[in-house]
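One structure below.
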Amino acid sequence: MTTLYTMPDTCSLSPNIAVAWLGAPVDVKTIPYGDHKKDAYLAINPKGKVPSLQFDDGTVLTEAAAILEWLGAAHGSGGFGRDTELGRKEAEALSYMTSEVHATYGGHFGPQNFAETDDAVEQVKRKTYETLAGHYRRLDDTLGQSDGDWYLGKRSFADTFLYVLSRWIEQTPLSIDDYPALKQHRAMMEANEGVKTALKRQDMEPIG
Ligand SMILES: N[C@@H](CCC(=O)N[C@@H](CS)C(=O)NCC(=O)O)C(=O)O
C-alpha cells in the first residue's frame, strides 16, 4: 500500500489531512522525531525530511506540494483541477505557503544555518519574525476577503497547509490574536473530523 511518512509537529500534517479528507487508500506512518536522520528512513528519503510518499513499487515522492498534487490527481476531489480558476489558485497558494512561508521558518528552526555569531543568530531570528509577520498578515487578509470560511472560498488543500502554519505561529513571538481570520480558520479546522483523525495519526493535539 502507498505509505505517507509523517513526524509529529511537522508540515507532513498537511498531506495527512488531505489523505483523511479524500479517504485515500494511503497508510500514514508516523515516525518518532530523530528517526528521520536514521539509515532506514534515509534510504526512503535521503533528504532526511518529511513528508515522503512511498508507492507500492518502492518509488518515492517528496515535497509536500508535490504530494498534495498527486493526491488530488490520483484520488479525485479535494484538490481542484489545474484547468480551473480554483485549481490555479490552489497551486499558487500551496507554492506560496511551502516555498515562501515555510521556507522563512528556516530562520526560526535553524537560525544557526544563516549566521555564525550569537549576535548574528539573534538578528536572523528578529528578521525572520518580521518577515513572518508580513506573511501572516497577507494570509489573514486573503482569508478575510475569501468568499466563505475556507482560504479559497471552497475547501481545498491550501487549508491543510494553512493549518500547519497557524499552529506554528505558537512557536514564535507572534500572536494568533493579531490575525483573527487565521484564528477562526484554525478553530474551524480543529472541529473538522478529518483534521482530528490526522492529528491522532500524527500523535498531535489540537491547539484549542
Ligand atoms: N520543502 C519540503 C520541506 C520539508 C521539511 O522541511 N520538513 C521538515 C518538517 S516540517 C523536516 O522534515 N525537518 C526535519 C529536519 O530538517 O531535520 C516540503 O515542502 O516538503
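Numbering of ligands and ligand atoms starts at 1, following listing order.
The shortest N or O to N or O distance between V50 and ligand 1 is below 3.5 Å. Of the polar atoms of T10, none of the N or O atoms is found under 3.5 Å from an N or O of ligand 1, judged by distance alone. Polar contact check, T98 against ligand 1: no nitrogen or oxygen pair lies under 3.5 Å apart.
Around NZ of K127, the count of heavy atoms belonging to other residues, nucleotides or ligands within 6.0 Å does not exceed 12.
E63 OE1, 3.3 Å is the protein heavy atom nearest to atom 18 (C) of ligand 1. In this structure, the protein non-hydrogen atom closest to atom 16 (O) of ligand 1 is K49 NZ, 3.0 Å. C11 SG, 2.9 Å is the protein heavy atom nearest to atom 10 (S) of ligand 1. Of all protein heavy atoms, the one closest to atom 3 (C) of ligand 1 is H102 CE1, 3.7 Å.
Under a 4.0 Å heavy-atom criterion, K47 is not in contact with ligand 1.
Close contacts of ligand 1 with P51, meaning ligand atoms under 4.0 Å from a residue heavy atom, involve 20 (O). Near A64, with a cut-off below 4.0 Å to any heavy atom, the atoms of ligand 1 are 18 (C), 19 (O), 20 (O). Of all atoms in ligand 1, listed by their number and element, those nearer than 4.0 Å to a heavy atom of H36 are 14 (C), 15 (C), 17 (O). In summary, the atoms of ligand 1 found under 4.0 Å from a heavy atom of W168, numbered by their order in the structure, are 10 (S).
Here F161 has no heavy atoms under 4.0 Å from ligand 1, in either its backbone or its side chain.
A distance below 6.0 Å separates the ring centres of Y96 and H135. Two rings, from H108 and Y105, have their centers less than 6.0 Å apart.
Side-chain contact, T2 with Q54: no donor N or O sits under 3.5 Å from an acceptor N or O. A donor atom on one side chain and an acceptor atom on the other are found under 3.5 Å apart for D159 and H185.
When side chains are defined from C-beta on, C11 counts as touching W168, because their heavy atoms get closer than 4.5 Å.
Using a 30° and 60° split on the angle between ring planes, Y179 and Y136 fall in the tilted class, from 30° to 60°.
In this structure, the side chain of R186 engages the main chain of S166 through a donor-acceptor pair within 3.5 Å.
Paired with I17 under the rule side chain to side chain contact (heavy atoms under 4.5 Å, CB included), one option of N192, T160, L22 passes, and it is T160.
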